[in-house]
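Data first, discussion second: the structure below is written as structure tokens.
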Amino acid sequence: MSKKATIERECADAAFLQAWLRARLRDHMAEKKPEKRWIAETLFDDLGFRMTFQVDKVLYEQQTEHQHLLLFEQPFFGKMLMLDGATQITKKDEFIYQEMMSHVPLFAHGNARDVLIIGGGDCGIAEEVLKHKTVKRLTQVEIDPAVIEFAKEHFPEFTKPVFADKRFESIIDDGMKYVARTERRFDAIIVDSTDPQGPGRVLFSTKFYAACKRCLNKGGVMVTQNGVPIFQPAELTSSISKFRKLFADGGCYIAAIPTYIGGHMAMGWATDDKGLRQTSVRTIATRYRKAGSFSTKYWTPDVHVAAFALPRFIADTVAKAR
Ligand code: SAM
């Protein structure tokens with residue numbers, strides 16, 4: 001083989017080798033794509049169970065004076081807020097909890113003028129409450145200013161209309177201290193708290209519920225974030241026991257919220273007006289029409305009434321509350 005042919009042959013081999021190496025490198029880089037980050041909710045670690053979320057981008061992370069605040073973009077649920085490793089709110093399913101914590105107590109009451117929210121720093125519930133024309137004044141008492149500040153930046157769809165509404169008043173304080181001190185009286189108290197850990201623990205205490213009762217007008221109602229019964233039965237039984245020592249009617253209603261993993265979420269119910277939870281679909285529908293039939297994505301008059309029909313295992317958990 002001539003010298004020229006040998007060189008051509010070697011060049012061809014080198015070109016082939018180069019192409020082969022390039023292809024391998026491409027595959028390798030494709031394989032080496034940066035690992036997607038996954039964030040776990042650690043609320044049920046003691047049950048040996050974690051729910052993890054793939055993260056597109058961490059938008060905000062801060063250890064505040066009160067809790068660890070983490071906000072991230074999630075491919076399916078959109079923006080998600082976690083406080084101390086517990087999911088608080090996601091863009092995808094926030095409407096379920098916000099609507100059921102707002103419209104059930106307000107349409108059951110029928111003429112709530114003065115409303116108090118304890119917690120609720122993301123302002124999602126405040127936005128729903130202010131849809132009710134009967135409401136003349138809404139006071140929100142949130143312990144952590146950082147939650148409100150970040151909500152203004154990341155959840156403007158809630159904070160903008162809320163902070164623009166003259167009926168709204170935002171107070172930074174511990175909810176326990178506020179209800180223990182205030183001379184104000186309310187027709188409805190909505191406790192949109194974190195779980196009974198860290199700053200939220202006191203909001204599940206008898207002294208807190210007793211102080212809330214002191215702040216309620218005659219016929220007033222209190223609703224509470226009360227966990228997922230399948231994983232947190234003791235929390236529900238404990239709260240309802242305390243309600244029943246203080247109020248004529250103590251119980252709960254339910255809704256299914258995908259990111260509050262565990263099927264049903266329980267919302268505590270406490271009032272001296274036993275008739276409130278018996279309000280008929282017809283009456284609720286009439287009140288809704290009078291309120292202008294504003295748009296909702298979960299709550300309806302039928303869903304409202306059905307939410308008090310508890311599956312047996314939850315009814316049994318509630319029945320344990322003496
Ligand atoms: N929907 C959420 C859930 O079910 O877990 C709760 C959302 S909301 C963001 C909870 C708020 O309660 C937080 O902003 C937290 O700072 C506030 N919070 C916790 N303990 C509090 C207290 N003692 N007084 C007032 N606000 C409190």
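Atoms within each ligand, like the ligands themselves, are counted from 1 in listed order.
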Top protein contact for atom 7 (C) of ligand 1, by heavy-atom distance:
Gln88 OE1, 3.2 Å

Nitrogen or oxygen of Asp195 less than 3.5 angstrom from that of ligand 1
no

Among all protein heavy atoms, pick the one closest to atom 10 (C) of ligand 1 and tell me residue, atom and distance.
Asp192 O, 3.2 Å

Just heavy atoms, cut-off under 4.0 Å: does His66 contact ligand 1 by side chain, backbone, both, or neither?
neither

From the list Tyr288, Phe107, Trp299, ring pair (Phe, Tyr, Trp, His ring centres under 6.0 Å) with His132 holds only for Phe107

Side chain, backbone, both or neither: which applies to Pro199 and ligand 1 if a contact is any heavy-atom pair less than 4.0 Å apart?
both

Is there a heavy atom of Ile148 sitting under 4.0 angstrom from any atom of ligand 1?
no

Closest approach of any protein heavy atom to atom 22 (C) of ligand 1, naming residue and atom
Leu203 CD1, 3.7 Å

What protein heavy atom sits nearest atom 19 (C) of ligand 1, and how far off is it?
Thr194 OG1, 3.3 Å

Can you tell me the protein heavy atom closest to atom 9 (C) of ligand 1 and the distance?
Asp122 OD2, 3.1 Å

Near Arg113 CZ, under 6.0 Å, is it more than 12 heavy atoms from other residues, nucleotides or ligands?
no

What protein heavy atom sits nearest atom 15 (C) of ligand 1, and how far off is it?
Glu142 OE2, 3.4 Å

Indicate, as side chain, backbone, both or neither, the part of Val141 found under 4.0 angstrom from ligand 1 when only non-hydrogen atoms are considered.
backbone

Do me a favour and list the nearest non-hydrogen protein atom to atom 24 (N) of ligand 1 with residue, atom name and distance?
Gly175 N, 2.8 Å

Looking at Lys136 and Lys133, would you say the former's side chain and the latter's main chain have a donor-acceptor pair under 3.5 Å?
yes

If Ile, Leu, Val, Met, Phe, Trp and Tyr residues are connected whenever their side-chain heavy atoms lie under 4.5 Å apart, and connections chain through other members, are Phe158 and Leu138 in the same group?
no

Between Tyr298 and His103 (judged by ring centroids, cut-off 6.0 Å), do the two rings come close enough to count as a pair?
no

More than 12 heavy atoms of other groups within 6.0 Å of Lys91 NZ
yes

Taking all non-hydrogen atoms of both residues, which atom of Gly121 and which atom of Ala151 are closest, and how far apart?
O-CB, 3.8 Å

Check whether any heavy atom of Met101 sits under 4.0 Å from an atom of ligand 1.
no

Is it true that, when you exclude Arg184 itself, more than 12 heavy atoms of the residues, nucleotides or ligands shown sit nearer than 6.0 Å to its CZ?
yes

Yes or no: does Gln225 have any heavy atom under 4.0 Å from an atom of ligand 1?
yes

In this structure, does ligand 1 have an atom that sits under 4.0 Å from one of the heavy atoms of Tyr260?
yes

Students should be able to answer this: which protein heavy-atom is nearest to atom 26 (N) of ligand 1, and at what distance?
Ile143 N, 3.2 Å

Report the part of Asp174 in contact with ligand 1, treating N, CA, C, O as backbone and CB onward as side chain, heavy atoms under 4.0 Å; options are side chain, backbone, both, neither.
both

On a heavy-atom basis, the closest approach of Val305 and Ser280 is CG2-C, 4.3 Å

